[in-house]
Amino acid sequence: MLRIAVAKGRLLDSFLGLLEQAGFECGAVAQASRKLVIDVDRANLRFILAKPADVPTYVEYGAADLGVVGKDILVESDKNVAELVDLKYGLCRLVVAVPKASGISKVQELDFNSRVASKYPRTAEEFFNSRGIQVEIIPLAGSIELGPMVGLSEAIVDITETGRTLAENGLVVIETIMQSTARLVANRISLKTQREAIAALAGALERVI
Ligand code: PRP
């Protein structure tokens, strides 16, 4: 049985839909609302329902053979896992945004040592370093858009999908750092020990994408 770490929520529904198209019927997972480990014997899959940011950790340590995680989180986590398939859903952008009222239109206009709140501190730091811009990254766990509104930071680095959260909080995008979609990743040892089962699943998913 392949163990696969996935995050609950919208991305899980998309993944279950993809699995079904690929011939792995796993509807039982959506119904088991509070369970964290769900076996689907027919598909030979064990689902491990983790927090999104923790998925690469379960896979790196071999607590899961496979994981489904956004490219944004994968880059930020910097874990040693193998990226197998771009699942092409969950499209979003990691952006730098500032209050519209600031009048700032590009990152070069940020003041020296501006504070930047983010749930992606490593990626944000690397981005500003690569541009030679000195900022102070302030790590937060969520609701990043609050940062500039309450005077915690001058800018944010966060993901945006529809753009609604930014707009409703008076923020505008001044730079796109990366685009992200969901990825199928694997533990490097499982890739060898479970080679056939992983290849069959990854191949079936690739065919329906
Ligand atoms: C994410 C992100 C934004 C929002 C963007 O938050 O951090 O807040 O979604 O979506 P939109 O562009 O469609 O409005 P998430 O739901 O992951 O919660 P969080 O704020 O706790 O990170």
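Owing to the predicted nature of the structure, the values given are computational and were not obtained by experimental measurement.
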Using distance only, find each side-chain donor-acceptor pair of residues 46-66 under 3.5 Å and give its atom names and separation, not counting sequence neighbours.
from	atom 1	to	atom 2	distance (Å)
Arg46	NE	Asp39	OD1	2.6
Arg46	NH2	Asp39	OD2	3.0
Glu60	OE2	Asn80	N	3.0
Asp65	OD1	Arg3	NH2	2.7
Asp65	OD1	Ser190	OG	2.8
Asp65	OD2	Arg3	N	2.8
Asp65	OD2	Arg3	NE	3.1

**Complete:** Contacts of Lys100 meeting side chain to side chain contact (heavy atoms under 4.5 Å, CB included) (sequence neighbours excluded), chain-then-number -> Val172
**Set of residues satisfying salt bridge (charged side-chain N to carboxylate O under 4.0 Å, His left out) with respect to Arg122, sequence neighbours excluded** = Asp78
**Item:** Pairs meeting criterion side-chain hydrogen bond (donor to acceptor under 3.5 Å, both in side chains) with involvement of residues 161-178, two or more places apart
**Value:** Arg10-Glu161, Arg93-Thr176, Arg131-Glu175, Arg164-Glu168
**Item:** side-chain hydrogen bond (donor to acceptor under 3.5 Å, both in side chains) contacts in which one or both residues fall within residues 17-29, not counting sequence neighbours
**Value:** none
**Partners passing side-chain hydrogen bond (donor to acceptor under 3.5 Å, both in side chains) against Lys71 (at least two apart in sequence or in another chain)** = Glu83
**Request:** State which residues pass side chain to side chain contact (heavy atoms under 4.5 Å, CB included) with Leu11; sequence neighbours excluded, sorted by chain then number.
**Result:** Tyr89
**Asked** Excluding sequence neighbours, so at least two apart, what forms salt bridge (charged side-chain N to carboxylate O under 4.0 Å, His left out) with Asp86?
**Response** Arg183
**All side chain to side chain contact (heavy atoms under 4.5 Å, CB included) counterparts of Glu109, not counting sequence neighbours** = Ile104, Ser105, Lys106
**Message:** I'd like to check the side chain to side chain contact (heavy atoms under 4.5 Å, CB included) partners of Pro139; sequence neighbours left out, ordered by chain and number.
**Reply:** Pro121
Under 3.5 Å, which donor-acceptor pairs link side chains of residues 196-209 to any protein atom two or more places apart or in another chain?
none

**Item:** Inter- and intrachain pairs under side-chain hydrogen bond (donor to acceptor under 3.5 Å, both in side chains), touching residues 139-155, at least two apart
**Value:** Arg115-Glu154
